[in-house]
Amino acid sequence: MKHWAVEDGTLWAVDPGESVPAICPARVPVTFREAKTADIPALALAMNLPDTALIEDRLQSGRRCFILQADSQIVTYGWVTQGIESVGELERQFHLHDDEAYIWHCGTIAAWRGQRCYSALLSHILHQLIAEGIACVWIGATRQNRPSVKGLVTAGPQPVADVVYRRLRG
């Protein structure tokens, strides 16, 4: 562990009671769905993992993963938690109400960046969760990750809180 850390980001949310952004399409033909057990090897490849253990652990613990596929390949993915989730960058746990969800650890394969796949994935996840009765969906992003912030703006959640976290000593 580093003796110091700085995170500067924004917490975004969608509250269906206020407004739900329209579905944001990708610039390429894609299909959206929740990852299945059969997707684990391809998901490990997309996430650049050496094996499938992390994915298997997450799925067994009740976390969900959603994917966009293009040309039969996972091009972007995002994890969703309801309940408690550890946010490593902030060294804290989020404790969500039963009717809330947190989107985290999203990624897009380098060859597919710039095709609005991330925004489309977020948009589809938001609509899926709202259709399931989720009252508030949260997602965080560091301000230095400009592609992520741009994708969030395009997908439609609203910024609700700026977060600055500093640890000066271990």
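Since the structure is predicted, the reported quantities are computational estimates derived from the model, not experimental observations.
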Next item on the list: Mind checking the SG-CG spacing from C106 to L152? Nearest 0.5 Å is all I need.
Entry: 8.0 Å
Next item on the list: Enter the distance from Q115:CD to R113:CZ here, rounded to the nearest 0.5 Å.
Entry: 12.5 Å
Note to self: Ignoring hydrogens, what is the shortest heavy-atom contact between P41 and A38? Give both atom names and the distance.
What the structure shows: CD-O, 3.6 Å
Note to self: Between R58 and E85 (salt bridge meaning N to carboxylate O under 4.0 Å), is one present in this structure?
What the structure shows: no
Next item on the list: Can you tell me which residue pairs pass the side-chain hydrogen bond (donor to acceptor under 3.5 Å, both in side chains) test with a partner in residues 39-48, sequence neighbours excluded?
Entry: R33-D39
Margin query: Treating D15 as the side-chain partner and G17 as the backbone partner, does any N or O pair qualify as donor plus acceptor under 3.5 Å?
Written below: yes
Notebook entry, point to check: Going by heavy atoms in the side chains, are V80 and W104 under 4.5 Å from each other?
Noted result: no
Item checked: Candidate list F94, W138, W79, test ring pair (Phe, Tyr, Trp, His ring centres under 6.0 Å), partner Y102, passing option -> F94
Check: Would you call P147 and Y118 a side-chain contact if the rule is heavy atoms closer than 4.5 Å?
Finding: no
Next item on the list: Hey, could you give me the CZ/CZ distance between R27 and R116, rounded to the nearest 0.5 Å?
Entry: 4.0 Å
Next item on the list: Please name all residues satisfying ring pair (Phe, Tyr, Trp, His ring centres under 6.0 Å) with Y77, sequence neighbours left out, ordered by chain then number.
Entry: H105
Notebook entry, point to check: Do you know which two heavy atoms are closest between A44 and D51, and how far apart they sit?
Noted result: CB-O, 3.8 Å
Notebook entry, point to check: Distance from I40 atom CD1 to I55 atom CD1, nearest 0.5 Å?
Noted result: 6.5 Å
Margin query: If the condition is side chain to side chain donor-acceptor pair (under 3.5 Å), which residues does T52 pass it with, not counting sequence neighbours?
Written below: E56
Checklist line | Nearest atoms (heavy-atom pairs only) where A101 meets L96 | finding: C-CD1, 3.9 Å
Next item on the list: Work out which heavy atom in Q73 is nearest to a heavy atom in I109; give both atom names and the distance.
Entry: NE2-CG2, 4.2 Å
Next item on the list: Could you tell me the separation between the CD atom of Q69 and the OG1 atom of T31, rounded to the nearest 0.5 Å?
Entry: 5.0 Å
Notebook entry, point to check: Taking atom CD1 of I125 and atom CZ of R64, what is their separation to the nearest 0.5 Å?
Noted result: 9.5 Å
Check: Do the side chains of V14 and I130 get nearer than 4.5 Å, heavy atoms only?
Finding: yes
Note to self: In the structure I gave you, are the side-chain heavy atoms of D71 and W112 within less than 4.5 Å of one another anywhere?
What the structure shows: yes
Checklist line | Check: Q128 and F32 side chains under 4.5 Å, non-hydrogen atoms | finding: yes
Margin query: Tell me the closest heavy-atom pair linking L59 and C65, and the distance in Å.
Written below: CD2-N, 4.3 Å
Next item on the list: Output all residues satisfying salt bridge (charged side-chain N to carboxylate O under 4.0 Å, His left out) with D162, sequence neighbours left out; order by chain, then residue number.
Entry: R143
Note to self: Please identify which of these residues, V137, I103, V153, meets the side chain to side chain contact (heavy atoms under 4.5 Å, CB included) condition with W12.
What the structure shows: V153
Notebook entry, point to check: Does any N or O in the side chain of S123 come within less than 3.5 Å of the main-chain N or O of S119, such that one atom is a donor and the other an acceptor?
Noted result: no
Note to self: Tell me whether I139 shares a hydrophobic cluster with I67, the cluster being built from Ile, Leu, Val, Met, Phe, Trp, Tyr side chains joined at under 4.5 Å.
What the structure shows: no
Check: Mind checking whether V28 and V75 sit in one hydrophobic cluster, side chains of I, L, V, M, F, W, Y counted as touching below 4.5 Å?
Finding: yes
Notebook entry, point to check: How close do T10 and P159 get, heavy atom to heavy atom, and via which atoms?
Noted result: CG2-CB, 3.7 Å
Item checked: Heavy-atom donor-acceptor pair, H97 side chain to Q82 backbone, under 3.5 Å -> no
Next item on the list: Could you tell me which residues satisfy salt bridge (charged side-chain N to carboxylate O under 4.0 Å, His left out) with E100, sequence neighbours excluded, listed by chain and number?
Entry: none
Checklist line | side chain to side chain donor-acceptor pair (under 3.5 Å) partners for T108, two or more places apart | finding: T76
